[in-house]
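Here's the structure we're looking at; comments come further down.
Letters go in sequence order (proteins before strands), and every chain restarts at 1.
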Amino acid sequence: MPRLLALILTSLFFALPARASDMVTTYTLDNGMEVVVIEDHRAPVVVHMVWYRAGAADEPQGSSGVAHFLEHLLFKGTEKMEPGELSRVVAENGGSDNAFTSNDYTGYFQRVAADRLELMMEMEADRMVNLQLGEEEIETERNVIIEERNQRTENNPSALFGEQRDAALYLHHPYGTPVIGWRHEMETLGLDDALAFYKQYYAPNNAILVVAGDVAPEDVLALAEKHYGPLPPNPDLKPRERVKEPTHLAARRMVFSDVRVAQPYVTRTYLAPERDPGAQERAAALTLLADLLGGDGTTSHLARKLQFEQQIAVYTGAGYRATSLDDTSFSLIVVPAEGVTLEEAEAALDDAMESFLEEGVDSAALDRLKMQIRASTVYERDDVAALARRYGSALTSGLTVEDVQEWPAILEAVTEDDILAAARDLWRPASSVTGYLVSGSPTEEAIQ
Amino acid sequence: MIRFALTLLAFAAALPARAEVNIQEVTSPGGITAWLVEEPSIPFLSLEIRFSGGSSLDAEGKRGATNLMTALLEEGAGELDARAFSETRDGLAASFGFSAYDDALSVSARMLTENRPEAIALLETALTEPRFDGDAIERVRAQVLSNIRSSEKDPDDIAGKTFDRLAFGDHPYGSDRSGTVESVSALTRDDLLAAKHRVMARDRIYVAAVGDITAEELGPLLDDLLGGLPETGAPMPDHVDVALTGGTTVVDFPTPQSVALFGHLGMKRDDPDFFAAYIVNTILGGSNFESRLMTEVRENRGLTYGIYSYLVPKDYAELVMGSVSSANDRIAEAVEVTRQVWADMAENGVTAEELAAAKTYLTGAYPLRFDGNGPIADILVGMQMQNLPIDYAATRNDKVNAVTLEEANRVASELLRPESLHFVVVGQPEGAI
C-alpha cells in the first residue's frame, strides 16, 4: 500500500512536462514509466527506444546470459504478434530495429519514419507484458546465442582475455560475469529462466521510453499514455542492490596464452568509482585522466613517453567507462614494439604513470580537451540517436536527466589538482589486475 | 493495411529527398566541383573528399604504399610535426579522418563555424604538404606491421584475403591493400611521396559539403583547400574478370567457429538491371531480419548468429558475396542450406509478396539514411563517384518501385549461379563441406 501511495504522489508531482533543455523534455507516466523526448526536426525520422533497468548483472546466479537470451526471445511473438512479426512490420514500414544488452540495461529500438511512431509503441508495449514463448523457439534461439558467443568471444583471443580479466577484477560483484554468459550456463538456459527474468523486470515502472527525432513532446506523451499508460506496474520490483565488492587486498596478475595471438600486449585494470547521481565530480576527473593519459595516439602522456621519447610501444591507450550502476573499471594498455618484452612494456607503463603524477597535468592539453568538450555540445546535436543512447544508458545506470545535462559543465570544472588526486586515489596496486596476452598453447603456459 | 501503409510512405520518403535535402552543385573559381547541402541550424561543417583509385594505384612492387602514406597524412605537415599538428587540430576541436580503400582514398573532416578558416588551413597542409618525417614513418610503419601480423591470425581476415586472391589473382584487388610484412618493410619516403602523387590529384577528386556554409563561401574554400594539389595522377587500374569457379576452399585454422565467405560474379552499378539485382539480393540476404538466408539458416535452424549476402560493385570488378559463421561441427550444414537457398532463388525466383515487402522496406529505409551532416556528405560523395545525377535522391525510390516481378525473376536467374558459388571456409570444419 505505501508503494501505491508513493506512485500516486509521484504522478501528481510530475504531471507537468519538465522541459530540461532546448531539445529535451521529460515526463513520468502514472505507472512509473519515464519518458524522454529529444527533438530534431531536420528530417521526418524518429528513433523509438525502450530501456529496461535490467541487465546481465541482475541475473540470478547460475543462469548467466539470461538477460541477453531474453532480449533475443522478445522477437518471438506475443498473443497478438507472430514470431518475427515485429521486425517484419518494422521492415515493411521502411524501418530498422534491433536490441542490445549490457551489464546494467537491456534496450530495444526502431528507426522509422516519424509518422510510424504510434505503430512502434503499440508493438513495443505489447511485448513488454504479453510475450508468448514455446519450447521449440527456446532451443533454436539458444543455438543462436551460442553461435553469437562463438563469433564474439570464442573466435577472438582478445575477447576471451577480456572476459578472464573482468572475472579477475571483480572478486564478488556480478560485473565479473560476461554479459553473453558463461558457455556452460548458456547451454542450460531454458524457458523458465527466461520467463522468470521477464516477469521480474519487464514492467513500465522499470522502463524508460526515449523518443528522438521529428516529434512534438506533447504528441509523444499522448501516444505514450495511450499505449504504455495502461500497462500495470510490477508492485514487487525491488531496489537494485547488488552485492558489493569486498576490500581488495591483493594485486592480481594473469597470463592468457592462445596460439591465435599474433600481437602480445599488456593491460592494467583498476577498480574505479562510477558516476553517481548528484556526485559526478570524481568520475569527471577520471574521464579527463583517461583522455590525458591515453586518449590521443599522438599527444597523450603514454604516447609521448612510450612511442615518441622511447620506442617501447606501437600502441598505447587508456579507457574509463564512467556510466555504470556500480563500481566500474579504468584500464591501460601497452602494445609493445618488436623486440620489447611484456615485462619491459609493463615497467615502462609504471614509469609513465609515475611521471604523470610527478610532472603534473599539462595545462595546455587540459585546455584542448575542454575546448573539445564544449564543441561536442555542438556536434552532438547532429546525432540525436547518440543523444538518445546517452540518456537511456545514464537513466538505467542510476543517473537522472539532470545528471546527464550537468555532465559537460562538471567536466569543464575539473581542475588539474582534481585529476592528480583522482589518479593517486585510483592507482592502488591491491585493486588492480595486470594481464599479459601472449602467443602460445595454453598447456605450455599452465606448466610454467 | 499494407496498401494504406504504402501510400503514406511514398509521401514520407519523398520529404527528405525532395524538400529537405536540397543539393546544389558548386564550382569554385579554380574549377573544382562540389555538391553542397546548406544546413545552417548547427554551427559546423562536414566535408567529404574522395580521390578515386585509392590503394589500387599502388605502384608495382610497392603494395601497401598508399595505405601507409594515407596513415601518415596527419602525422606532421607544413611547419608542424606530428605532435604540433595533433595539438593544433584538437585545439580547434576539428576532426580529420584519412582512409585508404580499394577504390578511393577518403578524407572526412568536421569543423566548427567559429574557427573554420584555421581548420581548413590546417587540413590543407595535410593534403598538400605532409612531411613524412623519418621518425613518423617508422612509428606508423611499426603500427601497420603489427596490424598485418594480427590480421594473419584473424579468421575473418584470412577468409577475406583468401577469397580476394582466388577471385582477383594478380590484380590489386587480389591482395591486401595494407601490403605484406616484406613490402611494407621495404617502403621508403620516396615511395610514399610517389604514392601520394599517384593518388591525390585534382583529376579524380570528388567533394561534398554539408552544414553551416553557403555556396558563396564554399567556392573559394575549395580552391584554398585543394587548389595546390597536382593536376593529374597515375592511370586507373584495369578491369578484372572474376576468376572464381564453384567449389570450396578450406583454410585450416585452429578456432572453434568456422568463418565462411562465398560469392561469384556480380553486376555493375550502371547495369540497367542493377535495381532488380538490388531487390533480389535484399530478399536473398539483405540486412534486415526478413531475408531468406536469415530465415533458413538462423531463425529456422539456429546455425548462426547472422548470415548476409551483398552486391559488391567495385569500380573494376563486380561480385555478389555473402558471409556466415558457424561452429566447426555445424558449418557444413550452414553451407549446404545456403547453397539450397541460392539455387532455389535462381530457379524459382521471388514471390510477389516478397517483392512488395522488399520495395516497401527499401523505399522506406532510403530517407532514413539522410540523418546527419556527415552521413549526408558521405551519400553525396558516393553518388558523384557512381556518376549518378544530382537529382538521384529524388528519383531513386521510383526506380526501386518500377522493378516488376518478371524483371526480378529474370535477374535472379541470371545473377545467381549456384554452380559457380565458391565458398572459402576458415576453421576446422567437420564433415564433408
Tell me, with the steps shown, if Val378(A) and Glu114(B) meet side chain to side chain contact (heavy atoms under 4.5 Å, CB included).
CA-CA 11 Å; Val378(A) 173; Glu114(B) 68 179 58; over 6 Å; no

Least distance between heavy atoms, Asn115(B) atom then Met371(A) atom:
ND2-CE, 3.8 Å

Side chain, backbone, both or neither: which part of Leu362(B) has a non-hydrogen atom closer than 4.5 Å to chain A?
neither

If you measure from CZ on Arg83(B) to OG1 on Thr298(A), what distance do you get to the nearest 0.5 Å?
8.0 Å

Shortest non-hydrogen contact between Ala91(A) and Glu290(B), atoms and distance
CB-CG, 4.0 Å

Contact leader toward chain B among Ile373(A), Asn98(A), Val144(A), Asp97(A), where contacts are heavy-atom pairs under 4.5 Å:
Val144(A)

With a 4.5 angstrom heavy-atom cut-off, which part of Arg149(A) approaches chain B: side chain, backbone, both or neither?
neither

Val259(B) portion near chain A, given a 4.5 angstrom heavy-atom threshold
side chain

Does Arg330(B) reach the side chain of Asn143(A), with side-chain heavy atoms less than 4.5 Å apart?
yes

Is the shortest side-chain heavy-atom distance between Asp90(B) and Gln372(A) below 4.5 Å?
yes

For the candidates Gln311(A), Glu136(A), Gln263(A), which exhibits the highest count of non-hydrogen atom pairs separated by less than 4.5 Å from chain B?
Gln263(A)

With a 4.5 angstrom heavy-atom cut-off, which part of Phe253(B) approaches chain A: side chain, backbone, both or neither?
side chain

Tell me, side chain or backbone of Asn147(B) under 4.5 Å from chain A's heavy atoms, or both, or neither?
neither

Any Tyr305(B) side-chain heavy atom under 4.5 Å of His72(A) side chain:
yes

Apply side chain to side chain contact (heavy atoms under 4.5 Å, CB included) to the pair Arg42(A) and Ile376(B), showing each step before the final yes or no.
CA-CA 12 Å; Arg42(A) 293 177 301 157; Ile376(B) 295 173; over 6 Å; no

Heavy atoms only: give me the nearest Asp382(A)-Ile42(B) pair and the separation to one decimal.
N-CD1, 3.7 Å

Region of Lys76(A) in contact with chain B, defined by heavy-atom distances below 4.5 Å
side chain

Could you pull out the closest heavy-atom pair between Ala43(A) and Phe370(B), with the gap in Å?
CB-O, 4.2 Å

Note: vs chain A, highest number of non-hydrogen pairs under 4.5 angstrom among Arg301(B), Glu74(B), Arg110(B) is Arg110(B)

Output yes when Arg111(A) and Asp371(B) qualify as a salt bridge under the 4.0 Å nitrogen-oxygen rule, no when they do not.
yes

Quick one: do Gln257(B) and Arg152(A) satisfy side chain to side chain contact (heavy atoms under 4.5 Å, CB included)? Show the steps, please.
CA-CA 10 Å; Gln257(B) 187 188 55; Arg152(A) 290 183 191 277; over 6 Å; no

Measure the spacing between OG of Ser41(B) and NE2 of His41(A) and express it to the nearest 0.5 Å.
11.0 Å

Which residues share a ring-ring contact (aromatic ring centres under 6.0 Å, His included) with Phe44(B), sequence neighbours left out:
Tyr379(A)

Check whether more than 12 heavy atoms from other residues, nucleotides or ligands sit under 6.0 Å from atom CD of Glu412(A), and answer yes or no.
yes

Heavy-atom side-chain proximity of Pro155(B) to Gln151(A) below 4.5 angstrom:
no

Which one of Pro43(B), Gly427(B), Ala358(B) has the most heavy-atom pairs closer than 4.5 Å to chain A?
Pro43(B)

Please report the shortest heavy-atom distance between Asn150(A) and Ala327(B), naming the atom on each side.
ND2-CB, 3.7 Å

Would you say that Asp296(A) contacts Arg89(B) through its side chain, given a criterion of any heavy-atom pair below 4.5 Å between the two side chains?
yes

To the nearest 0.5 angstrom, please state how far the CD atom of Glu141(A) sits from the CZ atom of Arg298(B).
5.0 Å

Pairs satisfying salt bridge (charged side-chain N to carboxylate O under 4.0 Å, His left out), at least one member in residues 142-156 of chain B, at least two apart
Glu338(A)-Arg149(B)

Mind ranking Asn156(A), Leu369(A), Val384(A), Val112(A) by heavy-atom pairs under 4.5 Å with chain B and telling me who comes out on top?
Val112(A)

So, taking the atom named CG in Leu303(B) and the one named OG1 in Thr140(A), what distance separates them when rounded to the nearest 0.5 Å?
9.5 Å

How far does OH of Tyr265(A) sit from OG of Ser146(B), to the nearest 0.5 angstrom?
11.0 Å

Who wins among Ser326(B), Pro375(B), Ser151(B) for the most heavy-atom pairs under 4.5 Å with chain A?
Ser326(B)

Answer yes or no: does atom CD of Glu82(A) have more than 12 heavy-atom neighbours from other residues, nucleotides or ligands under 6.0 Å?
no

Going through the checks in order, is the side-chain hydrogen bond (donor to acceptor under 3.5 Å, both in side chains) test met by Thr255(B) and Arg260(A)?
CA-CA 8 Å; Thr255(B) 204; Arg260(A) 298 169 292 174; 2.7 Å; yes

Side chain to side chain contact (heavy atoms under 4.5 Å, CB included) for Ser325(B) and Asn155(A)? Distances and angles first, verdict last.
CA-CA 10 Å; Ser325(B) 310; Asn155(A) 253 25; 5.9 Å; no

Between Gln307(A) and Gln143(B) the two heavy atoms that sit nearest each other are NE2-NE2, 3.5 Å

